[in-house]
Amino acid sequence: TADVAERSDSASPVKVSSNGYADDGPPYNAGSSDVLGKLVIRTTGRHRLKLTDLFGGTRSDPRNTYRLVIRKAAPDFAVAAWALHMELRNGDRNALSKPIALRSGATMALEVVALRRDGFDGEIQLSMEGLPPGVRSTGLKIPAGKSRGILLVSADADAADAFATARFEGRGVVAGKETVRPCRLASMAWPVTDAWGEVPSPRLLADVPVSVTRAESAALSIAPASQAPLTAPVGGKLTVPLKLVRRGEFSGGKTTLKVFGEGFEQAPAIDLPLSADQGSAVLDLASLKTPPGEYRIAFYGGVVTQYRYAPEAVKAAESARADAEKSVGTIERELKQLTEAVKKAPAEKKAEMDKACKAMEAKQKAAVAALNTAAEQARRVAAAAEPKGIVDIVVSEPISIRVLPAEKQP
């Protein structure tokens with residue numbers, strides 16, 4: 001006999017956060033406790049396979065059952081995704097994009113991982129269909145031999161309130177045949193009761209819900225200045241003009257952006273001023289060693305913006321308080337008039353007038369209670385709507401790039 005291999009759990013295709021948050025990786029583990037291995041039989045004859053629990057004789061429990069499957073290699077893949085997580089400033093553990101509730105003008109990024117099986121090493125194209133009106137998706141493919149890609153979901157600035165259950169898929173060519181696999185979406189089990197001390201519990205969603213709202217708009221939208229593909233010769237420098245739409249107030253005069261997209265993720269971060277409507281990024285194709293081809297990229301980063309929760313509710317709450325105050329004033333005047341009338345009423349009417357006066361006093365008491373409730377509600381709504389500095393994840397719309405071979409430069 002001979003020891004052929006020793007294997008443990010199947011590792012996650014991407015680094016997982018070490019503390020359950022987004023500090024140094026996503027808080028989702030795409031690995032498995034199942035063991036997967038490859039055995040090549042090089043000689044004919046009878047072979048015997050023996051598996052040994054690495055715990056040896058240290059435990060004996062009838063519940064520890066194992067299932068062994070031996071089969072011919074069948075190359076294939078699966079895909080899973082989660083909303084983008086970033087390393088943010090200390091204390092912003094909840095500042096992550098949650099799938100998939102879009103504000104108007106926003107672009108959300110989903111990180112997608114490929115679970116490759118039995119030697120499949122091809123590229124995987126990503127797509128999402130069945131989106132609400134005014135919402136678009138663009139897949140930044142998972143390159144051949146890699147495990148991570150990005151899907152961008154963008155909402156138009158004038159998109160109407162809408163909801164849909166989308167279809168999320170990965171496509172690859174396996175053994176010469178196009179293969180389509182559904183992409184499962186990971187999310188947190190909400191609510192996270194103690195965001196400071198509790199490690200959130202992840203789960204897979206059965207559906208891919210996508211919504212868009214006009215009640216809130218993205219604080220900052222970044223898009224290419226033109227939708228036409230940008231071209232540059234291989235080994236050259238490419239300037240990417242960008243347009244910015246600013247709808248909020250920001251702390252600091254700039255945002256630092258990194259790059260999503262095959263062949264460009266090693267590009268140095270760029271600083272983009274937040275005070276202008278236009279900006280640009282320069283990509284050095286020589287240092288990136290980008291070969292000729294068609295590419296899609298996106299820029300992403302974070303900004304600290306002043307956020308107001310439901311500011312439109314302040315006006316409604318204040319109007320309700322003013323109406324309650326007016327009602328109290330009206331009832332108090334009526335009660336005063338009634339009290340004066342009781343004093344002047346004849347004896348035969350006094351009992352009836354006293355009864356009416358007590359009813360009015362009860363009405364006044366209820367109106368004052370309603371006013372106090374309305375005033376407290378107005379106070380709470382106004383406090384919630386006070387501007388607060390939060391970290392907002394900003395992702396640009398996709399940018400198409402064409403790198404030309406040297407002999408085909410325009």
Looking only at non-hydrogen atoms, find the nearest pair between [X] and [Y] and report the distance.
| X | Y | answer |
| --- | --- | --- |
| Val368 | Val328 | N-CG2, 3.8 Å |
| Asn29 | Val16 | CA-CG2, 3.8 Å |
| Ala164 | Leu131 | CB-C, 4.2 Å |
| Pro292 | Leu404 | CB-C, 4.3 Å |
| Val403 | Leu285 | CG2-CD1, 4.0 Å |
| Ser32 | Asp9 | O-CB, 3.3 Å |

What's the verdict on salt bridge (Lys or Arg N to Asp or Glu O under 4.0 Å) for Asp392 and Arg103, showing C-alpha distance, side-chain angles and the deciding distance? CA-CA 12 Å; Asp392 200 7; Arg103 295 168 292 169; 3.0 Å; yes
Regarding [X] and [Y], is there a side-chain donor-to-acceptor distance under 3.5 Å anywhere?
| X | Y | value |
| --- | --- | --- |
| Thr107 | Ser154 | yes |
| Arg247 | Ser221 | yes |
| Ser104 | Ser217 | yes |

Does [X] come within less than 4.0 Å of [Y], counting only side-chain N to carboxylate O?
| X | Y | answer |
| --- | --- | --- |
| Lys365 | Glu361 | no |
| Glu397 | Arg136 | yes |
| Lys315 | Glu318 | no |
| Arg148 | Glu265 | yes |
| Arg167 | Glu169 | yes |
| Asp118 | Arg71 | yes |
| Arg116 | Asp76 | no |
| Arg214 | Asp158 | no |

Close side-chain approach of [X] to [Y], heavy-atom, < 4.5 Å:
| X | Y | value |
| --- | --- | --- |
| Gln306 | Phe250 | no |
| Leu185 | Ile100 | yes |
| Leu244 | Gln278 | no |
| Met108 | Leu102 | yes |
| Ile401 | Leu283 | yes |
| Ile222 | Leu257 | yes |
| Ile297 | Pro398 | no |
| Phe299 | Val240 | yes |

Is the count of non-hydrogen atoms from other residues, nucleotides or ligands lying under 6.0 Å from [X] atom [atom1] greater than 12?
| X | atom1 | value |
| --- | --- | --- |
| Tyr309 | OH | no |
| Gln266 | CD | no |
| Glu249 | CD | no |
| Arg296 | CZ | no |

Between [X] and [Y], is there a donor-acceptor pair closer than 3.5 Å when you use the side chain of the first and the backbone of the second?
| X | Y | result |
| --- | --- | --- |
| Thr165 | Pro209 | no |
| Arg171 | Glu178 | no |
| Arg184 | Leu205 | yes |
| Ser327 | Asp323 | no |
| Ser147 | Pro13 | yes |

Give the C-alpha distance, both sets of side-chain angles, the deciding distance and a yes or no for salt bridge (Lys or Arg N to Asp or Glu O under 4.0 Å) between Glu386 and Arg308. CA-CA 6 Å; Glu386 282 294 314; Arg308 298 187 66 198; over 6 Å; no
Taking distance alone, no hydrogens or angles, what donor-acceptor pairs closer than 3.5 Å link side-chain atoms of residues 373-383 to residues at least two apart or in another chain?
| unit_1 | atom_1 | unit_2 | atom_2 | d |
| --- | --- | --- | --- | --- |
| Thr373 | OG1 | Ala369 | O | 3.1 |
| Glu376 | OE1 | Arg379 | NE | 3.1 |
| Glu376 | OE2 | Arg379 | NE | 3.4 |
| Glu376 | OE2 | Arg379 | NH2 | 2.6 |
| Gln377 | OE1 | Arg380 | NH2 | 2.7 |

Take the angle between the ring planes of Tyr295 and Phe264 and call it parallel below 30°, perpendicular above 60°, tilted in between. perpendicular
Nearest 0.5 Å, what's the [atom1]-[atom2] distance between [X] and [Y]?
| X | Y | atom1 | atom2 | answer |
| --- | --- | --- | --- | --- |
| Asp271 | Thr256 | CG | OG1 | 4.0 Å |
| Glu340 | Cys357 | CD | SG | 10.5 Å |
| Arg181 | Phe77 | CZ | CZ | 6.5 Å |
| Gln364 | Leu335 | CD | CG | 5.0 Å |
| Glu216 | Tyr307 | CD | OH | 3.5 Å |
| Leu152 | Ser137 | CG | OG | 9.0 Å |

List the steps, then state whether side-chain contact (heavy atoms from CB on, under 4.5 Å) holds for Val342 with Asp354. CA-CA 7 Å; Val342 168; Asp354 282 338; 3.2 Å; yes
Any chance you could lay out the side-chain contact (heavy atoms from CB on, under 4.5 Å) test for Lys141 and Ile150, step after step, and finish with the verdict? CA-CA 7 Å; Lys141 66 183 179 182; Ile150 298 292; over 6 Å; no
Output, in order, the C-alpha distance, side-chain angles, deciding distance and verdict of side-chain contact (heavy atoms from CB on, under 4.5 Å) for Phe168 and Val112. CA-CA 11 Å; Phe168 193 179; Val112 188; 3.9 Å; yes
Worked verdict on Arg321 versus Glu325 for salt bridge (Lys or Arg N to Asp or Glu O under 4.0 Å): CA-CA 6 Å; Arg321 187 207 61 78; Glu325 187 175 51; 3.4 Å; yes
Give the intermediate values and the outcome of side-chain contact (heavy atoms from CB on, under 4.5 Å) for residues Lys177 and Val173. CA-CA 5 Å; Lys177 181 180 179 181; Val173 177; 5.9 Å; no
